[in-house]
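Atom set for the values below is all heavy atoms of this structure, side chains included, hydrogens, waters and symmetry mates excluded. In what follows, chains are A, B, ... by sequence order, proteins preceding strands, each numbered from 1.
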2 protein chains.
Amino acid sequence: MDRNDTTQEVSRYFSDWYKIIDWAKIHFRDRSFTKDERIPTRSGLLYLVERGVLRLVSKGKHSHSIADESIPEDDEPLNEMFLGFIGAGQPFEVVDYPTFELEVYAQVEDTKVIWLYWHDIDNWIIFRRELLDILRYKQKRQMVWLTTLGQRSTIDRLLGFLTLIIEEYGTISESGYCLPYNITHAQISSAIGSTRVTVTRLMGKLRKQGSIVVREDNLICLPQRKK
Amino acid sequence: MDRNDTTQEVSRYFSDWYKIIDWAKIHFRDRSFTKDERIPTRSGLLYLVERGVLRLVSKGKHSHSIADESIPEDDEPLNEMFLGFIGAGQPFEVVDYPTFELEVYAQVEDTKVIWLYWHDIDNWIIFRRELLDILRYKQKRQMVWLTTLGQRSTIDRLLGFLTLIIEEYGTISESGYCLPYNITHAQISSAIGSTRVTVTRLMGKLRKQGSIVVREDNLICLPQRKK
């Protein structure tokens, strides 16, 4: 991933950003959410995170209910899958699909979201254009995400997943790059298609071999790479 | 997924499509590929499929090589993951990432690809705009894909995966909606994080219960849903 490229794209994007925030305020299209509050969403609208972070989750509407003897005994009946975070400045849309529902929650206190109809931005040509760059970037990241989660070894998926979200949302600290908010082992397990118990065990293994650091406040970090 | 919405987006896209094809021909930026030929790609370029279908694959550059006792015995050492198809009219970009490489192959005979630099389309405002709509659609499909592949039960992932690609690329026939080209059990297993042997066994199960139909020419179909 070309980091500089992305940084440039994001900073260009911010040139129009403040105008849109003003527009949203005037049109009563902004709202703040408390930690873990669900954001009411519907398909067809474009949402933008003004500040804070959102957590994207999908919930199955029904299972195919076909018994498969290869399923491990679930240690938690979590019919919910963690699909990633959406940070400040990022757009998102929800999707209607027969077998699951997308839900969005504020990951941190005082997360602010604005929403628009797509036709609202018909005349904001530069904004649309910059949105294209962001979607290009997201599209590429999703390919990385898919490849990471497609690995057969659970510990590879786990370390790959942690690396991905810390690359994207991590901040530098004494312990390395740290995800600045908590993510539970159950959420991690839902993202990588494993169980909470396995994630807890493998996190211990990754800690022991020095691949990750878990701070006292439970934040997960990647030790800084030697150059 | 709103099918009509998508069809509209795609047809608007085609209005500029022929102009771009002409432009690519004049600038020697088009080439045909035979079945299973690899398309030479590099990051930073925008590729468009003029006709035929491409197969997108990721190959690990190295493994984390951490032994995980929970890995099943591999029945094939396939270090390659099937990431989906790219059909006519669709754009794609490749991504550089330290741990894997994206590779693109012609899925069918005489697949034609054109390529552009992003700055080539700076002044094609309508084309850029329509590209945005396509990327929005792809982004939503990828969320569906992620959710489908995140299911813990292998047979759910298998049926979900087949449904997704047949929804997208299938054509109607007497047996229902069929994927118009072959996909191997090894490719399917790499997409859903399973093994070829398991896919073969579960495909048999899905056939028996009537969830899928496999024609004599090996094409995979979804029987038409009763209304």
**Spacing of CZ belonging to B:R136 relative to CH2 belonging to A:W118, to within rounding of 0.5 Å** = 4.0 Å

**Message:** Determine whether A:M143 and B:L56 satisfy the following criterion, side-chain contact (heavy atoms from CB on, under 4.5 Å), listing intermediate values before the conclusion.
**Reply:** CA-CA 10 Å; A:M143 280 198 282; B:L56 188 62; 3.6 Å; yes

**Item:** Nearest heavy atoms of B:T195 and A:R152, plus distance in Å
**Value:** CG2-NH1, 3.9 Å

**Fill in**
When the 4.5 angstrom heavy-atom criterion is applied to B:L102 and chain A, the contacting part is side chain

**Message:** Within this structure, what is the CD-CD distance for the pair A:E93 and B:Q139, rounded to the nearest 0.5 Å?
**Reply:** 8.0 Å

**Asked** More than 12 heavy atoms of other residues, nucleotides or ligands under 6.0 Å from CZ of B:F33: is that the case?
**Response** yes

**Complete:** In terms of heavy-atom pairs under 4.5 Å with chain B, the winner among A:T148, A:L132, A:L83 is A:L132

**Asked** Which atom pair, heavy atoms only, marks the closest approach of B:L146 to A:W145?
**Response** CD2-CD1, 3.0 Å

**Message:** Using the rule given for side-chain contact (heavy atoms from CB on, under 4.5 Å), can you reason through B:Y137 versus A:V95, listing the C-alpha separation, both sets of side-chain angles and the distance that settles it, and then say yes or no?
**Reply:** CA-CA 9 Å; B:Y137 171 72; A:V95 51; over 6 Å; no

**Contacting moiety of B:T147, where chain A heavy atoms sit under 4.5 Å** = both

**Request:** Would you indicate whether B:R38, at its atom CZ, is surrounded by more than 12 heavy atoms from other residues, nucleotides or ligands within a distance under 6.0 Å?
**Result:** yes

**Request:** Check whether B:L149 gets within reach of chain A through its side chain, its backbone, both or neither, counting any heavy atom under 4.5 Å.
**Result:** side chain

**Item:** Contacting region of B:I192 [heavy-atom separation from chain A under 4.5 Å]
**Value:** neither

**Message:** Under a 3.5 Å distance rule, please check whether A:R129 uses its side chain to pair with a backbone N or O of B:R128 as donor and acceptor.
**Reply:** no

**Message:** Is it the case that atom CZ in A:F161 sees more than 12 heavy atoms from other parts of the structure closer than 6.0 Å?
**Reply:** yes

**Request:** With side-chain contact (heavy atoms from CB on, under 4.5 Å) as the test, would you mind laying out the steps for A:Y97 and B:R141 before giving the verdict?
**Result:** CA-CA 10 Å; A:Y97 202 72; B:R141 288 300 289 187; 4.1 Å; yes

